[in-house]
Every structure is written in structure tokens, then in C-alpha cells.
Amino acid sequence: MGLTPLSEVPFNGEASLDALRSRITPVDDFYVRSNFPEPVLDPGAWRLRVGGAVDAPREWSLDQLRDLGASLDRTVTLECAGNGRSFIEPPVSGTPWTLGATGTAVFTGVPLADVLRHAAPQADAVEWCFTGADVGDAGRWGRVPFQRSLPVEAIAPAPDGPLLAWSMNGRPLTVRHGAPVRLIVPGWYAVASVKWLVGIDALTAPFEGRFQTDRYLYVRDGRVEGPVERMKVRALILEVTRRAADRVEMSGIAWSGAAEVTAVEVSTDGGARWSPAELAPAGEAFTRRAWRWSGPAPAAGGAVWARATDATGARQPTETWTNDLGYGNNEVHRVPVPPAGDPAGGQPSS
Ligand SMILES: Nc1nc2c(c(=O)[nH]1)N[C@H]1C(S)=C(S)[C@@H](COP(=O)(O)O)O[C@H]1N2
Ligand SMILES: [Mo]
């Protein structure tokens, strides 16, 4: 199937909704979001520097990370905070993702917490800052690397905490997805999952770099409301089939970075009434869950809507969730139902 490109240098591309049906998204169908051109690093020469406010700064080679002994496989759903941006009215600037800026893969690596413990962070460290090898021009910021930080308390231990990953779906990471080693932060919008990782520094004050304080923030009417952190709850409709004239069958996926998805509901009357979908058993924390529903078709020309709710009580809004930079728009997904007898019918177009 492959990706639909949104830009060539740096390459940005999104998945088709068809490609999201399989439990694990093939690497070639896994969306790519890069702010700068991709650096190509030699895995043999690569080192990860861990320093800043620590008592035991050091460098790790790839073999040393592998030899740490605690490596694990985690199935993780990643989503770009800009997913859904193109539906915001009036339009906002930024990469115009439809709904394909998400994917689910098996990442293999070591728990970040294990590597950080070796560095013996000082008691006054408040954040860890992660530096990628990619560098580019960023307006008044000049030439900057891609850098993001996490509060120390966000770094949960294994198995649900962040990973330093070298493999995706059983193969070494590709250059586009951050080879040789990237950070993976389950549950968080994927901006936190720094690719081409080369440095980790303990900080005694919050990080104020470009990608922390100028982008990836919820800003409304010019006022900063807070950083982009955990993925908001979202359901996607991946398949709609009309069975006879008056029934539809549909299926999709749902996830949340905050807590377990507890319900997916479907409406065929524009959101007046909602009927529960059947949820597949939960997998690993914060990963997509499949669902399906069948029932009476909407009136002619109508659409099916799906919305998810998570265990915090968060539920997708019916209205577009707008903000100046276009992040976190998890509005209810709506798909027109093909007319009875339409041979091509059934595939959501976005
Ligand atoms: N070094 C680096 N890491 C990065 C980025 C980047 O531009 N540079 N983009 C981030 C964003 S915004 C997203 S959504 C994810 C995308 O990961 P993927 O391209 O593997 O899907 O990587 C994150 N990590
Ligand atoms: Mo992103």
C-alpha cells in the first residue's frame, strides 16, 4: 500500500486507513514524520552519550545496550499530535495530516529507566532531555537539533515505560524511523519518541528548546494552555460494508494514551443516539484495540459515526477540537455509507 507523501525533504507521509487494519502495521505503511532531513548514522560508530546533572556520565555503544540484558518487545501505537489537523476549520498551518499519522509496531529495546539508573542522576534533576542527530534551521532559533524533554516522573519502569529501541517489527530500525536507536514513549504523542537518538542529559530546570516551548503546545487565541503529552482517546472507522439495503457492518480501532479504552459507540443518526460496539480484548497498555459493530443502516445519504471513551472518562468530542497549531484534534470520525448495491463501496476515503 505504501505511504501518501505530504512532503519530500524532509520526507513526511501518512498511511492509508486500509493499512491500519492489521494488528501490526508493516514498516512500509508506518507513517513518517520528520522535522529535518534524515541523518544517516553508522550503527558501529554510533554512541549514546548520557550526561548533564549525573554522577556517572558515560557513552553506550549499540552492543553495550543490547548486553544490558533486559531487552524486551513492546507493541506500541504511535500517533502524531497533528493527526486529524486537516479537518480543522478554519484551517491552521502545519502538515495537513488526515487520519493516517498513526501506526502500531513491535519495538525491541531496553527500558530507558535501566540506562538512566546507570548514570546516577543528581537529586535536583527535574527532566531528561533527548537529542536527535538531525539538525536544521528553525527561524529565530537558528540551527538547532531536534530535542525534547520528559519530566523525571514520566519515566516509568518496564514494561510500560519508555524504551530505547533498535528494532521495529523484528528488523533493525530503518533510517526513516530513527536508526540505529530511538526513544519510544508508550502513551505519549509520538513527538516524545525522539529518533536518531545521540544524547540524553539530566537537567535541573525545565528544557526550553524550540520543539518544547515553541511547537507541540496547545495554544488557543495566542495563549499557551500546555504541552502536547498523552494521546487523546480516538476511534477510527476502517471498514464499512452495506449488507442488504438496510444493514451495515463496520470495524475499526481505538486507543488512548491516558488509560484503557472502555467503550466504542456508533451513531447512525448524526450523534443523537449511540449504540455500543464490540471491543476485542485489550492488548498491551496504550495500544490500539479492534472493535466492530453491525446494525441498521443510516437513512439514505447518511453517515456512520464512531466515538471512543477511556477509563479516565475522556470521550471524543463531536465538535472539531480547534487550537492555533492544530494538535490533538480527536473529533468523532464520520464516514458516509455507500449506497445499496455500490460495488466499490465501503472504504473510508481519509
Ligand atoms: N530526531 C527526531 N525525532 C523525532 C522527530 C524528528 O523530527 N526528529 N519527529 C517526531 C514526531 S513529531 C513524530 S510524530 C514521530 C514520528 O515517528 P515515525 O516517523 O517513526 O512515525 O517522531 C518524533 N521523533
Ligand atoms: Mo508528530
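Atoms within each ligand, like the ligands themselves, are counted from 1 in listed order. Side chains are part of it too, since the values below use all heavy atoms of this structure and drop only hydrogens, waters and symmetry mates.
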Does the cation-pi check pass for [X] over [Y], that is, NZ or CZ under 6.0 Å from the six-membered ring centre and within 45° of its axis?
{"X": "Arg182", "Y": "Phe130", "value": "no"}
{"X": "Arg176", "Y": "Phe11", "value": "yes"}
{"X": "Lys232", "Y": "Trp321", "value": "yes"}

Inset, instruction - Using a strict 4.0 Å threshold on nitrogen-to-oxygen distance, state whether Arg33 and Glu14 make a salt bridge. - result: no
Inset, instruction - Inspect the contact between Arg74 and Asp160 and indicate whether a charged nitrogen and a carboxylate oxygen are less than 4.0 angstrom apart. - result: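 Salt bridge between Asp160 and Arg74, a charged N being under 4.0 Å from a carboxylate O: yes.
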Inset, instruction - Check for a donor-acceptor pair, side chain of Asn83 on one end and backbone N or O of Ala101 on the other, with a separation under 3.5 Å. - result: yes
How about [X] and [Y]: does a side-chain donor come under 3.5 Å of a side-chain acceptor?
{"X": "Ser251", "Y": "Trp293", "answer": "no"}
{"X": "Trp196", "Y": "Glu38", "answer": "no"}
{"X": "Gln147", "Y": "Thr131", "answer": "yes"}

Legend entry - Within reach of ligand 1, part of Trp196 (heavy-atom separation under 4.0 Å):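 Near ligand 1, Trp196 shows its side chain, while the N, CA, C and O stay back.
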Inset, instruction - Have a look at ligand 1 and work out which part of Asn35, if any, has a heavy atom under 4.0 Å from it: side chain, backbone, both or neither. - result: both
How close does the nearest protein non-hydrogen atom get to [atom], and which residue and atom is it?
{"atom": "atom 3 (N) of ligand 1", "value": "Lys195 N, 2.8 Å"}
{"atom": "atom 21 (O) of ligand 1", "value": "Tyr31 O, 2.7 Å"}
{"atom": "atom 8 (N) of ligand 1", "value": "Asp134 OD2, 2.7 Å"}
{"atom": "atom 11 (C) of ligand 1", "value": "Val191 CA, 3.7 Å"}
{"atom": "atom 9 (N) of ligand 1", "value": "Arg33 O, 3.3 Å"}
{"atom": "atom 24 (N) of ligand 1", "value": "Ser193 O, 3.1 Å"}
{"atom": "atom 2 (C) of ligand 1", "value": "Phe146 CD2, 3.2 Å"}

Legend entry - Audit row: Ser275, Glu265, side-chain hydrogen bond (donor to acceptor under 3.5 Å, both in side chains) steps and yes/no: CA-CA 5 Å; Ser275 136; Glu265 297 161 289; over 6 Å; no
Option with minimal heavy-atom separation from [atom], where the choices are [options]:
{"atom": "atom 15 (C) of ligand 1", "options": "Ala190, Gly132, Ala133, Ser34", "answer": "Ala190"}
{"atom": "atom 17 (O) of ligand 1", "options": "Glu38, Arg182, Arg148", "answer": "Arg182"}
{"atom": "atom 12 (S) of ligand 1", "options": "Tyr216, Phe11, Phe30", "answer": "Tyr216"}

Quick one: which ligand 1 atoms are inside 4.0 Å of a heavy atom on [X]?
{"X": "Val194", "value": "1 (N), 3 (N), 24 (N)"}
{"X": "Val32", "value": "19 (O)"}
{"X": "Cys80", "value": "14 (S)"}

